[in-house]
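Only one structure is covered here, and it is reproduced in the block below.
Convention: sequence-line order gives letters A, B, ...; per-chain numbering from 1. Every value quoted in this text rests on a predicted model; they were computed, and no experiment measured them.
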Protein chains: 2
Amino acid sequence: MKANLEDIARAAGVSKMTVSRVLRGGSGFSAETRDKVTKVAETLGYVPNRLAAAFGSDQASTLVGMCVPRLTSGLFGHVLDGVDRALTRLGYQLMIGANSHSAAEEEAWIRQVISWRPAGLILSGRTHTPGTVDLLRQAASPVVEIWDLTTSPIDMSVGFSHFDCGAEMGQFLIRRGRRRAGYVGALARADVMGAARQEGFETTLSRAGHPLIAREVLHDAPGFYAGYYGLETLLGREPKLDVVYFHNDEMAIGGLAYAQSRGLRVPEDIGIAGWGGMEAASILPRRLTTTVVPTTAIGKAAAEALVARLKGEPGQEVTVVPTRLVPGETG
Amino acid sequence: MKANLEDIARAAGVSKMTVSRVLRGGSGFSAETRDKVTKVAETLGYVPNRLAAAFGSDQASTLVGMCVPRLTSGLFGHVLDGVDRALTRLGYQLMIGANSHSAAEEEAWIRQVISWRPAGLILSGRTHTPGTVDLLRQAASPVVEIWDLTTSPIDMSVGFSHFDCGAEMGQFLIRRGRRRAGYVGALARADVMGAARQEGFETTLSRAGHPLIAREVLHDAPGFYAGYYGLETLLGREPKLDVVYFHNDEMAIGGLAYAQSRGLRVPEDIGIAGWGGMEAASILPRRLTTTVVPTTAIGKAAAEALVARLKGEPGQEVTVVPTRLVPGETG
DNA sequence: TGCGTCAGGTTTACCGGTAACGTATCAAAA
DNA sequence: TTTTGATACGTTACCGGTAAACCTGACGCA
């Protein structure tokens with residue numbers, strides 16, 4: 001990587017600073033200077049050095065850090081995609097990390113990213129260690145917390161209420177005539193969001209006078225198998241459930257598979273409801289009753305809120321991105 | 001972010017350079033100096049500045065860039081996960097981007113990342129623009145190409161042969177007595193890998209004396225819907241197929257759904273085979289016949305090969321990570 | 001006693017940008 | 001004609017580290 005601003009300056013017969021201004025598209029130079037400089041830069045194969053730029057002025061960083069619970073999650077893949085597209089379009093670069101649903105791992109990751117002096121950060125969830133909060137306050141760079149709405153965000157927040165998701169599904173199932181509901185969840189480490197949905201679900205059922213009959217929360221990854229065996233366990237304890245709400249769609253599909261293997265008719269004998277809106281759920285023989293989460297939109301909104309703040313535009317502190325309950329044929 | 005090396009140096013009564021050496025764990029200082037410096041650094045809440053470090057010396061960068069076709073792909077999510085875990089463990093940071101299967105977008109992304117002077121790059125696929133190759137040669141930083149094995153990698157390569165995947169599946173299906181095979185693919189933009197599998201599949205069938213009867217390659221995203229309607233189209237043209245090989249598992253599951261909706265028995269009336277080894281495929285009522293791809297292992301191997309090179313250890317140029325054909329109950 | 005050696009530092013010179021500020025030029029206004 | 005202001009550019013001082021050269025006192029040894 002040989003050519004730098006000075007080389008161009010020498011070759012174009014102007015000063016370093018003029019080259020810098022031209023290449024950054026500022027002002028303070030004549031049209032002919034601009035043409036000469038851009039031509040020389042091209043012939044020399046100049047590649048800008050953001051390291052130097054960000055180092056020289058803390059305003060110049062175009063680096064955004066983002067931390068998600070798991071990189072293998074379909075939902076977060078779409079969130080990442082939304083963030084990535086928006087940031088790319090706006091001229092920012094994305095540094096990522098995963099924290100396995102652990103606030104301590106998140107802090108460790110933030111400690112690494114902060115050392116690159118990023119322009120801003122996007123974090124998933126609202127649970128942070130005190131150390132994390134300290135670090136963020138000290139760094140004073142904009143932070144967007146996504147996924148769950150925070151009552152008091154560190155800085156900005158984009159997402160929806162998991163409690164409300166559960167509550168809405170509870171109301172829906174009651175309206176459909178369900179009276180004996182169960183819940184199957186999973187918490188790999190500690191997925192607080194799932195717990196919030198469960199709480200919303202149970203609260204609503206109780207208020208409606210038909211409280212939850214049985215619940216089973218596995219200490220396992222929330223996948224197909226957990227749903228399959230979770231429903232088996234639940235029905236072993238309480239055979240007369242008329243509907244089961246699952247932690248997410250993967251688990252619901254697992255539950256669906258178990259119900260079919262037992263010869264149970266869905267939705268006649270038992271209803272099945274999931275959460276998340278994964279693609280597979282819509283092409284099942286019977287379309288899954290679920291809550292569709294606007295993953296890409298959340299990512300996009302988060303990135304845009306962050307960049308707006310960086311550009312000094314007054315952005316919203318809290319952005320609500322609504323979910324949508326999709327009735328389907330299993331609930 | 002207030003405390004820097006000089007602040008610590010002043011407070012500890014030593015020089016900046018001594019602080020730098022202590023904090024980076026070098027040598028050339030006494031134990032009491034070390035203790036004093038680390039204590040002062042802690043009380044001042046010092047956060048290292050990698051920007052300055054990487055800027056000051058090009059060896060000091062711990063930044064690795066990685067470009068994948070799509071962030072929403074389940075398979076690449078796992079590859080990313082493998083890379084992320086390995087790099088985190090080894091003390092590197094990961095900058096990502098997506099190129100939508102487009103070599104031009106890849107070049108644009110590389111141009112951005114190169115400007116951060118990364119220690120190394122991980123790219124997906126072997127198709128690059130001439131501009132990309134130029135850039136990489138000029139930057140002279142290590143590059144690992146993953147996913148498909150390259151005959152002549154730019155630098156290093158980790159993956160497997162897509163052609164062989166298709167060929168192996170062809171052999172397997174022939175052994176199972178299939179004689180009238182079809183293929184359903186998809187190319188959002190241009191997925192060259194899928195084409196390689198198709199080629200391996202067709203070549204093997206021809207050599208075995210039972211060439212492919214029909215193929216349908218949709219200009220669509222390779223998902224459930226594409227598989228569903230792809231099989232519909234294919235069977236509309238050639239009703240007497242006895243097996244269909246799909247671009248990937250999502251599409252195969254879509255095909256499975258179509259077969260069931262038509263009342264076709266699987267595998268008796270028609271066999272279904274996929275590729276990729278997605279989790280859902282193993283919990284279907286009938287486990288899908290597919291090729292399991294060691295996604296996480298590829299990511300891990302790529303990261304480790306890169307870091308080995310960075311540390312000057314002699315690494316392998318080409319690492320083969322074998323795939324595994326899983327018979328299942330649909331083929 | 002003189003000299004080399006070595007651990008344990010310090011000093012200095014960058015790295016490649018950006019920001020702040022200074023200055024030359026020239027046209028319009030007074 | 002002089003003053004003013006805008007424009008276009010040059011100069012210089014950093015930013016926070018790293019590398020390498022350079023000290024310095026203690027110690028060993030001939």
Exercise. Kindly give the heavy-atom pair with the smallest separation between Glu145(B) and Gly125(B), and that separation in Å.
Key: OE2-O, 3.7 Å

Quiz item: Shortest non-hydrogen contact from Gly65(A) to Pro118(A)?
Solution: N-CB, 4.4 Å

Quiz item: CZ of Arg10(B) versus P of dG16(D): gap in Å, rounded?
Solution: 11 Å

Quiz item: Is there a side-chain contact between Leu136(A) and Val133(A) (heavy atoms, below 4.5 Å)?
Solution: no

Self-check item: Interatomic distance where CG belongs to Leu51(A) and C1' belongs to dC15(D) [whole Å]
Solution: 12 Å

Exercise. Mind listing the closest non-hydrogen atom pair of Asp155(B) and Ser141(B) along with its distance?
Key: OD2-O, 4.4 Å

Quiz item: Which residue pairs pass the side chain to side chain donor-acceptor pair (under 3.5 Å) test with at least one member in residues 31-42 of chain A, sequence neighbours excluded?
Solution: Ser30(A)-Thr33(A)

Quiz item: Do you know which two heavy atoms are closest between Pro48(A) and Arg117(B), and how far apart they sit?
Solution: O-NH1, 3.2 Å

Restricting both atoms to N or O, compile the protein contacts to nucleotides 17-19 of chain D shorter than 3.5 Å, with distance only.
unit_1	atom_1	unit_2	atom_2	d
dG17(D)	OP1	Tyr46(B)	OH	2.9
dG17(D)	OP2	Leu5(B)	N	3.0
dG17(D)	O5'	Tyr46(B)	OH	3.2
dG17(D)	N7	Lys16(B)	NZ	2.6
dG17(D)	O6	Lys16(B)	NZ	3.3
dT18(D)	OP1	Arg24(B)	NE	3.1
dT18(D)	OP2	Ser20(B)	OG	2.2
dT18(D)	OP2	Arg24(B)	NE	3.3
dT18(D)	O3'	Ser57(B)	OG	3.4
dA19(D)	OP2	Arg24(B)	NH1	3.3

Quiz item: Could you state the interatomic distance from OG1 (Thr319(B)) to CZ (Phe160(B)), rounded to the nearest 0.5 Å?
Solution: 13.5 Å

Quiz item: Just wondering, do Val14(B) and Phe29(B) contact through their side chains at under 4.5 Å, heavy atoms?
Solution: no

Self-check item: DNA chain C contacts among residues 29-37 of chain B, heavy-atom distance under 4.0 Å
Solution: Phe29(B), Ser30(B), Thr33(B)

Quiz item: When all nucleic acid strands are considered with a 4.0 Å heavy-atom cut-off, which category describes Thr18(A): base, sugar-phosphate, or nothing?
Solution: sugar-phosphate

